[in-house]
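We use all heavy atoms of the structure for the numbers below, so side chains are in, but hydrogens, waters and symmetry mates are not. Convention: sequence-line order gives letters A, B, ...; per-chain numbering from 1.
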There are 2 protein chains.
Amino acid sequence: MRIKDIAKLAGVSPATVSRVMNNNGYVKDEKREAVLKVIKEVDYQPNSIAKSLKNQKSHMLGVIVPKISTETASRVVSGVTEVAKAHGYQVLIANTDLDIEEEINYLKFLSNKSVDGIVMMGTEITDRHLEVMDKLTVPIVILGQEVFGYTSIIHNDYEASYQMTAYLISQGHKAIAFIGVSEKDKAVGVIRKNGYLDCIKDHGLEVDEELMAIGDFDIDTGYQMMNKVLEKKIPTAVYAVTDHLAIGATHALLDKGYRVPEDVSVVGIGDIKLAEYLNPPLTTVHYTFKTSGKMAAEVVFDLIHRVRTKGECLMTTFELKKRASVKNIR
Amino acid sequence: MRIKDIAKLAGVSPATVSRVMNNNGYVKDEKREAVLKVIKEVDYQPNSIAKSLKNQKSHMLGVIVPKISTETASRVVSGVTEVAKAHGYQVLIANTDLDIEEEINYLKFLSNKSVDGIVMMGTEITDRHLEVMDKLTVPIVILGQEVFGYTSIIHNDYEASYQMTAYLISQGHKAIAFIGVSEKDKAVGVIRKNGYLDCIKDHGLEVDEELMAIGDFDIDTGYQMMNKVLEKKIPTAVYAVTDHLAIGATHALLDKGYRVPEDVSVVGIGDIKLAEYLNPPLTTVHYTFKTSGKMAAEVVFDLIHRVRTKGECLMTTFELKKRASVKNIR
DNA sequence: TATGAATGTGAAATCGATTTCAGTTATTTC
DNA sequence: GAAATAACTGAAATCGATTTCACATTCATA
C-alpha cells in the first residue's frame, strides 16, 4: 500500500493524503474524512524510508556501545531508548565488542544520514576517533569520557574515587590495595586512580606500589590481581575500580582463607544490580547509568534542535553505598 | 556529497558511479579508477536511506525485547548484533518495558518496510499479537515462546525444569518449595511449573500447594514468596524458576535464620553472570541466551533468503550447573 | 457587486540512489 | 570486410513520500 493507492481509493491526489497524514495545509473536511476512513480501513502505514529520504531525517538515534551484554551498557541503552521513544525516535544499536576499528566504522556508517544523532559510550578515544568525529555532520554526545570540543557526559569519577578512598581511611584503613585498569581508559584507568592517589597523599599516607595492580575489566582479572598483591602484602582494605573486579578480589581473598570484611574490607565502583545481594553486600558507588543514558539522549535532541551548543561537559551524580563489606578497624 | 557530485568530479554519469560502487555492469578500467579515486579522495559514503528506498531493503533487523536492561535480553541482543554484523546488517532496538501495547505498536511500526526481519523476545503472546503478526510481510522469529504457525526458538524449559527437580530429589529432598511466576508467560509460568509438577508426581511424591507460590519476576518477589511459604511449611529445598527469584528466596531464608544450603537448599534457572559468585554459588540451569540470539538472527536471515520455511520450532540446549547451594541430605 | 484574502486541490519536482533502455564503440567471427 | 557479438555509457524512469506552484473556489469586506 502506497500513498498513491490510498489517494485513488479516497478519490483524491497523493498530495491531499499527505496533507491529511501530516496535518498541514488546507483540506476540506469531507475529503479529510474520506482519506482517514481509507487509512483506517486498510491500516495504512507510510513507508518510513521514503519519508526519511524526503524529509532528510531518519528519526533514528545511533548508540555505540562497547559491549551491550554488560549491565552498564544495557542500562544506558535502556535510558536512551526511553527518551528516544518519547521523541518518536528509534534506536539503532552499534555493538563494537571493544573493537576500536569497529567503533570508527560505525561512526562513519552512522554519519552518512542514517541517524539524526549519536550517543557513544566511550572507552578509549584515539586520534583516529577524533579525525572521524571531526567530519561528522550529525550531533554526537560522548558518555563516560571527557573529550575536548565535543559534548560529553561524565560520571564524577575523580570525586567518587576520592570519597571512596576517604571513606576507607575514615574507617581506620591505612594499607589500602588498589586494583585498577589500563590507562587507555581515561575515566576508569586514569581518573579513578588519581582520585585514589590524591586522597592517600592528602591524608598523609604513603603510596605503596606493591599494593597496586592493573589489569582488565573482568571478574577473573580481579581474582588474579588480588592474588598478585597478596603475594607481597596483606592490605586491610581493597579498593577495586569496578564491582566486578571487587567480586574477583573478594573470591581471591576467601580462597586464601581471609574473611571479608573481618580480615580485609573490599569496595568497588558501579553498584551492579547484585551488589547488595552479594555476601557480604558490597560497598560501592552508585552511578545512575540509566539516567546518564537518558541525559545523553536529551542532550542529543537538544543538539539536533539547536537549543544547545556543542562542546559542553556535563557531570552526573553518584552516591556512596555503604554496605557490610567494609569493617571499621579504628 | 551525492552520487551526482562524484559523477561530475570523475567526469562520468551517476550510472557509472553506481556500477563501480556495486561492482555490476561494464565499466572501462580507466573510468573505474577515476571514480574510485574520487570516492577515496572525498571519502564518499552513499546515502543508505536512498539505497534502501530503491533496493527495497533496509539492511536492518528489528529486535523487540521486553526490557533491555536485563541480563537475558542484553545477551540475546548481543548475539543478534553479532550475526547481523556478519551479514552487513544493523540492529534496531525496540524496548517495550513489558508493555503489551508497545509490543504491538512496534510490530506494526517495524513491519512497514523499515526492517527486513524481526526477532521478538516473547513473554506473553496475545490474540492481538497474532492478529498483527498475521499481517506482517517481513519474517519474524519468536524467541522464548512457542507460537503455532510462526518460527519459534525455545529453551527446553520443560526438560530443564524436570531435570532440576529430579536433581533435588536425587539429593534426598522431598519437601521442595516452588516459586514461580504468572501463567501469562507460557514458557516460564506454565512449562517450568509443569516440569516441576510432573517430576514430583513421577517420583511418587505428593504435590503440596502450601509449598508453592506465584509472583513477579524480581528479586523482591522472591523474598516475599519465600516468606509466604515459610509461614506454613519449612521445605528442605527451594526451586525458584529464575535466578533472581532464587536470590530473593535465599535472602528471606537467611533473614529468618536458616542457613543455605545446610538447612535449606536453593536452586534457580537462568545462570546469570553472578550466579557462580554468589555465596553460596547458585545451582542453576545455564541457557545460552547469546547463542539463542545468534540462532534467532541466523534463522531470520534464512527466512529472508527463503532457504527455510515459516513455522518451525527449534530448541536450544541447556546445562545443569551444580554448585554449592544444594546439599545432599540423603 | 467588485476585490482581495483565505481556503482548497492536484500536477509535477524533489530527495539520492539504482537500473532499464537505447545507443555507441570495440572486438570477434566467418 | 561485413556481420554478429561483446563491452561500455548516459538519459531517464523508478522507489514512496513531501512540497511548491499554479490555479480554482469560497468567503469577507468595502
Side-chain angles (χ1 to χ4, degrees), chain A residues 1-36 38-39 42-60 88 90 108-116 137-138, chain B residues 1-36 38-39 42-60 88 90 108-116 137-138:
Chain A
M1 269 296 168
R2 299 154 308 165
I3 198 168
K4 239 194 211 173
D5 304 316
I6 304 298
K8 198 159 285 176
L9 287 172
V12 298
S13 75
T16 300
V17 177
S18 173
R19 283 191 267 259
V20 171
M21 299 278 301
N22 300 289
N23 239 329
N24 68 356
Y26 296 110
V27 179
K28 213 175 240 173
D29 277 353
E30 37 196 315
K31 299 219 172 190
R32 161 169 286 117
E33 313 247 303
V35 169
L36 288 174
V38 173
I39 287 176
V42 305
D43 195 19
Y44 168 64
Q45 298 261 72
N47 181 310
S48 56
I49 292 171
K51 269 178 105 113
S52 297
L53 179 58
K54 180 63 205 183
N55 295 337
Q56 299 288 348
K57 46 179 131 128
S58 62
H59 281 259
M60 289 194 289
Q90 288 292 308
K108 276 191 193 168
F109 172 84
L110 293 177
S111 68
N112 68 332
K113 291 282 151 215
S114 41
V115 298
D116 298 344
T137 52
V138 295
Chain B
M1 268 298 166
R2 298 152 310 163
I3 197 169
K4 239 194 209 173
D5 305 317
I6 304 297
K8 197 159 284 175
L9 287 172
V12 299
S13 75
T16 300
V17 177
S18 174
R19 283 190 267 260
V20 172
M21 300 278 301
N22 299 290
N23 237 332
N24 68 356
Y26 296 110
V27 178
K28 210 175 243 173
D29 278 352
E30 37 196 314
K31 298 217 173 193
R32 162 168 285 117
E33 313 248 302
V35 170
L36 287 174
V38 173
I39 288 175
V42 306
D43 194 21
Y44 169 65
Q45 299 260 70
N47 181 311
S48 55
I49 293 171
K51 269 179 103 112
S52 297
L53 179 59
K54 181 66 205 182
N55 295 337
Q56 298 289 343
K57 47 180 132 127
S58 62
H59 280 258
M60 289 195 290
Q90 287 293 307
K108 278 192 191 165
F109 172 85
L110 293 177
S111 68
N112 68 331
K113 292 280 152 215
S114 40
V115 299
D116 298 345
T137 53
V138 294

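Nearest to the side chain of A/L53, among D/dT18, C/dA17, C/dC15, sits C/dC15. Comparing D/dA17, C/dT18, D/dT19 against the side chain of A/Y44 picks out D/dA17 as the nearest.
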Contacts under 3.5 Å, N or O only, protein and nucleotides 20-23 of chain D:
none

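Within residues 26-36 of chain B, no residue places a heavy atom under 4.0 Å from DNA chain C.
When the P atom of D/dC15 is taken as reference, atom CG of A/D5 falls 11 Å away, rounded to whole Å. Atom NZ of B/K8 is separated from atom C1' of C/dG16 by 14 Å (rounded to the nearest Å). In this structure, B/K54 places its NZ atom 9 Å from C1' of C/dT20, rounding to the nearest Å. Note: CD (B/Q45) to P (C/dA17) measures 11 Å, nearest angstrom. Going from atom CD1 of B/I6 over to atom C1' of C/dT18 covers 16 Å, rounded to whole Å. Across the protein-nucleic acid pair, B/K57 atom NZ and C/dA17 atom P stand 17 Å apart, rounded to whole Å. As a whole-Å value, the separation of B/N24 CG from C/dT20 P is 9 Å. If you take CE of B/M21 and C1' of C/dA17, they are 10 Å apart, rounded to a whole angstrom.
Dashed line: the shortest gap from a side-chain N or O of A/S18 to OP1 or OP2 of D/dA17 is not under 4.0 Å. Here A/Q56 does not reach the OP1 or OP2 of D/dT18: none of its side-chain N or O atoms lies under 4.0 Å away. Contact check, B/N55 against D/dC15: no side-chain N or O comes under 4.0 Å of OP1 or OP2. Between B/K4 and C/dG16, a side-chain N or O to OP1/OP2 separation shorter than 4.0 Å is absent. Between B/N22 and C/dT18, a side-chain N or O to OP1/OP2 separation shorter than 4.0 Å is present. Taking side-chain N and O atoms only, B/K51 has a distance below 4.0 Å to OP1 or OP2 of C/dT18.
In this structure, the side chain of B/S58 does not engage the main chain of B/S52 through any donor-acceptor pair within 3.5 Å.
Considering only heavy atoms from C-beta on, B/D116 stays 4.5 Å or farther from B/M60 through its side chain. Between A/L110 and A/V138 there is no side-chain heavy-atom pair separated by less than 4.5 Å. A/I6 is listed as a side-chain neighbour of A/V42, based on a closest heavy-atom distance under 4.5 Å. In this structure, the side chains of B/D5 and B/K8 stay at 4.5 Å or more apart for every pair of heavy atoms. Considering only heavy atoms from C-beta on, B/R32 comes within 4.5 Å of B/D29 through its side chain.
Here the shortest heavy-atom pairing between B/I49 and A/S114 reads CD1-CA, 4.3 Å. Closest heavy-atom contact between B/P46 and B/K51: CG-NZ, 4.1 Å. Nearest heavy-atom pair, B/F109 versus A/Q45, reported as atom, atom and distance to 0.1 Å: N-NE2, 3.8 Å.
Across all strands, B/V12 comes closer than 4.0 Å only to sugar-phosphate atoms, never to a base (heavy-atom distances).
With respect to B/M1, the side chain to side chain contact (heavy atoms under 4.5 Å, CB included) criterion is satisfied by exactly one of B/L9, B/I39, B/D43, B/N47: B/L9.
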